[in-house]
Novice: 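Quick one: the structure is below, and I'll ask about it shortly.
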There are 2 protein chains.
Amino acid sequence: MSDDTRTFGDYVRGHREALRETDRTYSVRQVAGRIGIEPSYLSKVERGHVPPPSEATVVRLAEALGEDPDVLLALAGKVSSDLKDAIRRRPQLFGELIRELRDLPDHAVLKLVREVRDGDW
Amino acid sequence: MSDDTRTFGDYVRGHREALRETDRTYSVRQVAGRIGIEPSYLSKVERGHVPPPSEATVVRLAEALGEDPDVLLALAGKVSSDLKDAIRRRPQLFGELIRELRDLPDHAVLKLVREVRDGDW
DNA sequence: TGTACTGTGTACTAAATAGTACACGATTGT
DNA sequence: ACAATCGTGTACTATTTAGTACACAGTACA
């Protein structure tokens, strides 16, 4: 019932109900069924009565709702394990980079991302 | 008893015993005492009989041995939670950046790190 | 020679994680 | 009206995590 527990739940409930307005298969029961969890559990998750689910379940939920898994994982207080793996392979390099970028504004980081994506590195 | 469990243990044992050669306070017992864990537990950790300790304990161990915490955490299969926090604050930005850099060689990433560190971003 | 310190084996455990199972009363659709 | 579907409350549980507690035999050294 921490702060981000509520945030995660509200976010999921909000997006699921938005989808439900045009598609009635987005009920708690049906979505839960599609991602392989109990409806009562999804209900509790959405209301923040329990902490966010495991990484795997959050990813399936993101897919079911058409959301970005990284964003939903972030709201769940987690980081995708493939990102963690990348860091673990070169901890010093990525450690320094991330700590350097942490305090920079979005536009600076975004500029860097574009540079890497477009440039011939 | 996975692969990196052994690696982590071997690394710790190797470095602790190196220090012990010139300073006999680097025994299993004394190091364990300094970082606040049971000697038998450190012994098991070093031999890979149990998985690596928690993040907090790994960091204290790194400090006690004069090693880079990020490196030791990586060997333990973990990522420092301050790095995870940075990613969680801007999941899309950092997600894309890290996935982009993941496949680049060390020198390219290093060049980027230097650019960010020195440049006026 | 004995005492102080060493590493390690065995046995146990508290707390967190990630859910399941099922029943219930309310609502909806026909 | 009634069957299907809905969200949710209660109760329970298996697994993982992160260790502790203590005894014991071997070693160092004064």
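All chains are named by letter (A, B, ...) in the order of the sequence lines, taking the proteins before the strands, and each is independently numbered beginning at 1.
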Novice: State, with a plain yes or no, whether a side-chain heavy atom of B:V79 is found less than 4.5 Å away from one of A:V79.
Specialist: no
Novice: Suppose the criterion is salt bridge (charged side-chain N to carboxylate O under 4.0 Å, His left out): which pairs have a residue in residues 16-34 of chain B, not counting sequence neighbours?
Specialist: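 Salt bridge (charged side-chain N to carboxylate O under 4.0 Å, His left out) check on residues 16-34 of chain B returns B:R16-B:E46.
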Novice: Working note: B:R88 + B:D85, criterion salt bridge (charged side-chain N to carboxylate O under 4.0 Å, His left out); need CA distance, chi angles, decisive distance, verdict.
Specialist: CA-CA 5 Å; B:R88 282 200 294 110; B:D85 286 348; 2.7 Å; yes
Novice: Who are the side-chain hydrogen bond (donor to acceptor under 3.5 Å, both in side chains) partners of A:E67, not counting sequence neighbours?
Specialist: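 Expected list: A:Y11, A:H15.
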Novice: Write down the atom of B:F8, the atom of B:L72, and the distance for their closest heavy-atom approach.
Specialist: CE1-O, 3.5 Å
Novice: Specify the separation, in whole Å, of atom CZ of A:R24 and atom C1' of D:dA4.
Specialist: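 It is 13 Å, rounded to the nearest whole Å.
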Novice: Any salt bridge (charged side-chain N to carboxylate O under 4.0 Å, His left out) pairs touching residues 97-106 of chain B, not counting sequence neighbours?
Specialist: A:D70-B:R99, A:D82-B:R99, A:D82-B:R102, A:R90-B:D106
Novice: If the sugar-phosphate is the primed atoms plus P, OP1 and OP2 and the base is the rest, what is the B/S/- string for nucleotides 18-23 of chain D, using protein heavy atoms under 4.0 Å?
Specialist: SBBBBB
Novice: Scan the side chains in residues 54-61 of chain A for donor-acceptor partners under 3.5 Å anywhere in the protein, sequence neighbours excluded, and list what turns up.
Specialist:
from: A:S54; atom 1: OG; to: A:T57; atom 2: N; distance (Å): 3.4
from: A:S54; atom 1: OG; to: A:T57; atom 2: OG1; distance (Å): 3.3
from: A:E55; atom 1: OE2; to: A:S81; atom 2: N; distance (Å): 2.9
from: A:E55; atom 1: OE2; to: A:S81; atom 2: OG; distance (Å): 3.0
from: A:T57; atom 1: OG1; to: A:R60; atom 2: NH2; distance (Å): 3.4
from: A:R60; atom 1: NE; to: A:I35; atom 2: O; distance (Å): 2.8
from: A:R60; atom 1: NH2; to: A:I35; atom 2: O; distance (Å): 2.9

Novice: Under 4.0 Å, counting only non-hydrogen atoms across every strand here, what does A:E46 touch: a base, just sugar-phosphate, or nothing?
Specialist: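 The residue A:E46 makes no contact with any strand.
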Novice: Think B:Q30 has a side-chain N or O under 4.0 angstrom from the OP1 or OP2 of C:dC5?
Specialist: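 For B:Q30, the contact criterion (side-chain N or O under 4.0 Å from OP1 or OP2 of C:dC5) is not met.
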Novice: Give a yes/no on whether any side-chain N or O of A:S27 is located under 4.0 angstrom from OP1 or OP2 of D:dG7.
Specialist: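 The answer is yes; a side-chain N or O of A:S27 sits under 4.0 Å from OP1 or OP2.
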Novice: Take atom NE2 of A:H49 and atom C1' of D:dT8, then tell me their distance rounded to the nearest Å.
Specialist: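 Rounded to the whole Å, the gap is 9 Å.
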Novice: Looking at B:R13, does any N or O in its side chain come under 4.0 Å of the phosphate oxygens OP1/OP2 on C:dT8?
Specialist: yes
Novice: Does anything in residues 16-23 of chain B come within less than 4.0 Å of DNA chain D? Heavy atoms only, and list the residues if so.
Specialist: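 Those residues whose heavy atoms fall under 4.0 Å from DNA chain D, taken from residues 16-23 of chain B, amount to none.
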Novice: Begin with the C-alpha distance, continue with both residues' side-chain angles, and end with the deciding distance and a verdict on side-chain contact (heavy atoms from CB on, under 4.5 Å) for B:L101 and A:L93.
Specialist: CA-CA 11 Å; B:L101 296 178; A:L93 226 41; over 6 Å; no
Novice: I want to check one thing: is the phosphate of D:dG7, taken as OP1 and OP2, less than 4.0 Å away from some side-chain N or O of A:R47?
Specialist: no
